[in-house]
Every structure is written in C-alpha cells, then in structure tokens.
There are 2 protein chains.
Amino acid sequence: MSDINVKEMEEIANSDTETLIKAAAKSVFLKNGLAGTRLQEIADCAGICRTALHYYFRNKDKLFDVVFTEAFTEIHKRVNGFAQSDAPVVEMMKMFAADFYDIAIKDPGIDLFIINEFNQNPERMRKIVCGENMQGVRRGFLHYIEKAVENGEIKGDPIQIMITIVSLCAHPFAAKSMIQNMFDINDAKYEILMLQRKAYILELIEKIFKQ
Amino acid sequence: MSDINVKEMEEIANSDTETLIKAAAKSVFLKNGLAGTRLQEIADCAGICRTALHYYFRNKDKLFDVVFTEAFTEIHKRVNGFAQSDAPVVEMMKMFAADFYDIAIKDPGIDLFIINEFNQNPERMRKIVCGENMQGVRRGFLHYIEKAVENGEIKGDPIQIMITIVSLCAHPFAAKSMIQNMFDINDAKYEILMLQRKAYILELIEKIFKQ
DNA sequence: GTCTATAATTTGATAGAC
DNA sequence: GTCTATCAAATTATAGAC
C-alpha cells in the first residue's frame with residue numbers, strides 16, 4: 001500500500017541525477033501531457049541544466065517513454081496482483097476499488113494522463129504497453145470476472161461489468177479539475193470528498209453485484 | 001436528438017469558410033488537444049491556406065476558445081434542459097444517461113477533450129466557461145438531485161450521486177482508445193458495445209437508485 | 001558529468017501582392 | 001478574401017570547453 005511512496009521518496013532523496021530527472025519528468029508530463037511539456041520545465045523542476053536531459057535520455061520522446069512505461073507498469077502490477085486472489089468476486093472488486101482509490105488519492109493525475117496519451121497516440125502507446133502489460137490486465141481482472149459469470153456468482157456481460165468498475169474508480173480522478181470547478185472545492189476538500197467516496201463506492205459495488 | 005448532426009452537416013455543406021474552419025478545428029483539437037494541435041493540420045483538414053486561419057480568427061487561442069465554447073455550450077444545454085422536467089428523479093437520471101449516450105456515441109471525443117483541457121489550464125477554462133455555464137449545470141442537475149434527497153425520493157450525498165452518474169456516462173467514452181486496445185476492438189465493435197451499454201446503464205441506474 | 005554557446009527545426013504570426 | 005513570401009519566437013538538439 002504505502003511502501004510505494006516511501007520507496008519513491010527514498011529514491012529521490014539519495015538519488016542519482018537520472019532518478020531525479022525521472023521524478024521531475026513524471027510530474028511535468030502528468031500536468032501538461034507530452035505535447036504540452038517543455039524540457040525547460042522538467043529541467044527547472046529537477047534543478048538541473050536543460051541539456052543534461054539529453055545526456056541522460058537523448059531526447060524528449062525517449063524520456064517520455066521511460067516515464068510512461070514506469071507509471072503504467074506500476075498500475076498494471078496492482079491490477080494484476082488481484083488475479084492471484086481466490087476471494088469471492090465481489091470481495092475482489094471491493095479490494096480492487098479500495099486499492100485504486102488509495103493510490104489515486106495520493107497520485108490523482110495518473111489516470112487522465114494515461115487515457116489521454118492513449119487517445120492522442122494509440123500506436124505509440126500500443127508499442128510502449130507492448131501487449132504484455134495490457135494482456136496482463138485482461139488475463140487478470142477480466143478473466144476473473146468471466147469465471148465468476150460462468151460460475152453464476154454474478155450476472156451480466158463481463159466487459160460491461162469491468163467498464164463499470166473502472167469508470168467508478170477512475171473517472172472521479174480523471175475529471176478532478178472539472179469536479180473541483182463544478183462544485184467549487186479546493187484540493188483539500190477534494191481529497192476529503194474522494195476519501196468519503198471510497199467508502200461510498202465499496203457499498204455501491206456490494207449493492208450492485210451482491211445477489 | 002438527431003437534428004444536431006443534420007444541422008451540422010448542413011452548415012458544413014453550404015458553408016462559408018468560417019464554418020468550415022470551425023468544423024476542421026474542432027476535429028483536430030479534439031484529436032490532439034490545444035498544445036498538440038498544429039495550425040497547419042487544421043488548414044489541411046479544411047483544405048485552405050494556413051494564413052487564412054489568422055484572417056478569420058486572428059490567432060490559435062481565439063480559434064480554440066470559439067471551438068471549445070461551442071462544444072461545451074452544446075453539452076451544457078442538454079444537461080440543463082432536464083432541469084425543467086418534473087419527472088421522478090430516477091426517470092430523470094435515466095433520461096440524462098440515455099441522452100448522454102446518444103450524443104457521445106456520435107461524438108465520442110468531446111468528454112475527454114473537455115476534462116483534459118480543464119486539467120491543463122483550469123484558469124483559462126474557468127474564464128471560457130465563465131461561471132454561468134457551470135452554475136447552470138449545478139442549478140440544473142445537482143439541485144434536482146438535492147431536492148430528491150430532501151424529499152426522501154433517494155438517499156445519499158447528492159454530490160457523490162452526481163459523480164456516480166457522470167462517471168458511468170462519461171468514462172467509457174473518455175477512455176475509448178484504451179478500452180479499444182484493452183479488449184482489442186475496432187470502431188464498429190466499440191460503437192456496438194456502447195449501444196449495448198446504454199441499455200445496461202439504464203437498468204443499472206434503476207437498480208442502484210430505485211427504492 | 002555538467003555547463004555555455006550555438007545550431008537546427010518547428011511553429012505561429014504578419015505584410016503585402018493580387 | 002486568399003495566397004506567397006517573410007519574419008519572429010519558441011523549442012529541441014548538438015558541439016565542445018571545463
């Protein structure tokens with residue numbers, strides 16, 4: 001759960017420049033996207049000279065690929081971890097959602113970042129994500145739901161069910177900025193709203209799928 | 001419902017250059033976002049010289065503002081239209097969702113476009129959306145739900161309920177590209193999936209909120 | 001490894017002929 | 001109104017000193 005962030009902070013603390021650059025690049029890419037990001041902003045964020053970026057990562061695209069791949073892989077691992085569990089499917093969904101909210105509350109930009117870059121350059125993303133990762137998601141989460149439907153544990157189209165779960169988890173974070181504007185709330189209030197929402201969603205999943 | 005698209009097509013058919021440019025700009029901005037869009041691509045898409053864009057809209061920002069405002073206003077009108085209805089709240093939710101899916105299936109890029117530009121430049125968006133539109137949403141949809149909660153028609157936090165409805169409607173379209181990659185489906189199959197999903201969501205809303 | 005200086009490229013914007 | 005030619009600015013990338 002929380003040892004990811006501890007690990008990240010340790011990495012940054014006693015970091016070589018390369019790790020420092022990756023952390024800075026991640027935060028700037030998440031904020032601005034690939035097209036909207038200036039290398040200068042990454043350099044400023046890392047507190048180094050802009051040309052050092054080229055020394056470590058040759059060019060902007062390479063740096064982006066590294067950052068995106070790491071961010072995506074981190075999410076993928078967590079999604080796939082649940083595939084090993086043999087809990088009842090509704091419990092697994094709740095565990096998935098709880099974990100998703102825990103991560104997203106700490107790092108709310110990642111979901112929009114991924115769906116957005118996927119949208120703007122599907123080919124590139126397909127190459128980065130390279131089958132293995134995505135098929136992991138499919139084998140893990142979707143396959144688990146498929147089995148539960150076969151067993152009669154739950155009813156419905158597995159794909160629709162999966163899209164429902166992911167929508168309920170991801171969209172409140174993807175639309176963070178719009179939600180904040182719509183309801184006129186600052187970052188602190190938004191975080192509270194999402195913490196409350198975590199409990200709300202766990203109940204909702206139970207209500208929807210418990211037979 | 002469908003006369004929007006007819007109207008759009010008529011506009012483009014017997015269009016002046018200005019309308020032609022706006023249609024081209026909308027499609028390119030939706031695909032690439034503001035930062036990722038090159039004026040040359042808009043000009044190519046409209047089949048005109050790049051400098052003509054400056055004649056009509058002075059600069060990139062002005063063109064973007066016009067396109068974004070029109071796109072947002074179109075959505076806003078539809079969301080707000082339901083505020084006038086006096087149907088039971090669950091019926092209103094279903095009408096909202098049905099209409100949302102009808103529009104989004106025809107024009108699936110608009111949701112990601114809006115939340116993404118909101119994320120990248122909240123201040124700018126706030127200025128464009130200029131209070132009035134967003135407060136319209138608030139007064140319309142949210143206020144309606146608040147009243148229903150007060151009346152005991154439904155239970156729960158109105159804001160959480162609204163985020164749930166919007167997530168179920170918007171996210172399957174915002175994450176279109178990722179869904180297509182995850183489940184390995186082309187545009188045609190995706191459209192069928194969303195048509196099926198429309199029916200699925202109407203049932204789901206009933207299941208969640210009907211007491 | 002890190003910096004300064006500079007090149008190369010892309011992109012947005014303007015001027016002016018027609 | 002639309003085009004060609006041109007300018008100006010921003011941004012990425014490289015070369016070379018230290």
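Chain identifiers are assigned alphabetically (A, B, ...) following the order of the sequence lines, protein sequences preceding nucleic acid strands; residue numbering begins at 1 within each chain.
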Nearest whole angstrom, please: distance from the [atom2] of [N] to the [atom1] of [X].
X	N	atom1	atom2	value
B:R50	D:dT6	CZ	C1'	11 Å
A:D61	D:dA13	CG	P	7 Å
B:K60	C:dT11	NZ	C1'	8 Å
B:I42	C:dA13	CD1	P	11 Å
B:L39	D:dA9	CG	P	18 Å
A:D16	C:dG1	CG	P	9 Å
B:N59	D:dA10	CG	P	14 Å
A:E18	C:dT2	CD	P	11 Å

Check your understanding: Ion pair present between A:K176 and A:D187, side-chain N to carboxylate O less than 4.0 angstrom?
Key -> yes

Review point. In terms of side-chain geometry, is the basic nitrogen of A:E70 or A:K26 positioned less than 4.0 Å from the acidic oxygen of its partner?
Key: no

Point to revise | Listed partners of B:F64 passing ring-ring contact (aromatic ring centres under 6.0 Å, His included), at least two apart | key: B:F29, B:F68, B:F113

Check your understanding: Taking it one step at a time, do A:T164 and B:Y200 satisfy side chain to side chain contact (heavy atoms under 4.5 Å, CB included)?
Key -> CA-CA 10 Å; A:T164 299; B:Y200 167 89; 2.9 Å; yes

N/O (side chain, [X]) to phosphate O (OP1/OP2, [N]) under 4.0 Å:
X	N	answer
B:T17	D:dT2	yes
B:R38	C:dG12	yes
A:H54	D:dA13	yes

Proximity to the side chain of [X] - top-ranked nucleotide from [options]:
X	options	answer
B:A52	D:dA13, D:dC3, C:dA13	D:dC3
A:Y55	C:dT2, D:dA5, D:dT12	C:dT2
B:Y56	D:dG1, D:dA5, C:dG1	D:dG1

Check your understanding: What nucleic acid atoms does B:R58 come within less than 4.0 Å of, heavy atoms only: base, sugar-phosphate, or nothing?
Key -> sugar-phosphate

**Study point:** Min side-chain heavy-atom separation B:F57-B:K22 under 4.5 Å
**Key:** yes

